[in-house]
Amino acid sequence: MEQFDRISIEEISKKDMLMIIKALEYTGENTKIASFINLKDSIVKQLSELADTTEEEFLLYLQK
């Protein structure tokens with residue numbers, strides 16, 4: 001098996017990315033495990049920076 005440290009997300013649809021973000025948020029809120037919320041926040045922050053927009057605007061974009 002080939003090993004890798006990073007995974008590219010360029011082929012993930014907007015719908016699937018929103019589902020991943022919502023799943024991390026839901027799981028974090030319902031299990032009280034901060035790692036899920038931290039991961040969600042990190043993903044949203046990095047993607048919004050790549051898109052040169054705010055986190056709120058990026059989430060709205062995914063919902064369209």
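Note: hydrogens, waters and symmetry copies are ignored here, and every other heavy atom, side chains too, is used.
Both Y61 and I21 sit in one connected hydrophobic cluster of ILVMFWY residues. Membership requires side-chain heavy atoms under 4.5 Å apart, directly or through other members. The cluster map of Ile, Leu, Val, Met, Phe, Trp and Tyr, joined by side-chain heavy atoms under 4.5 Å apart, puts I33 and I20 in the same cluster. Tracing side-chain contacts under 4.5 Å through hydrophobic residues (I, L, V, M, F, W, Y), one reaches L39 starting from I12; they form part of the same cluster.
Within a 6.0 Å radius of NZ in K14, more than 12 heavy atoms belonging to other residues, nucleotides or ligands are found. Other residues, nucleotides and ligands contribute at most 12 non-hydrogen atoms within 6.0 Å of the CG atom of D52.
Put simply, CG on L59 and OG1 on T54 are 8.5 Å apart, with the number rounded to the nearest 0.5 Å. Atom OG1 of residue T31 and atom CD1 of residue I37 lie 8.0 Å apart, to the nearest 0.5 angstrom. Separation of atoms CZ (F36) and CG (N30) is listed at 11.0 Å; rounding is to 0.5 Å. Between the CD atom of Q46 and the CZ atom of F58 there is a distance of 11.0 Å, given to the nearest 0.5 Å.
Side-chain contact between T27 and K40: absent, with no pair of heavy atoms (C-beta onward) separated by less than 4.5 Å. Contact check for K22 versus E25: side-chain heavy atoms found under the 4.5 Å cut-off.
For S42 (side chain) and N38 (main-chain N/O), no donor-acceptor pair under 3.5 Å exists by modelled atom type.
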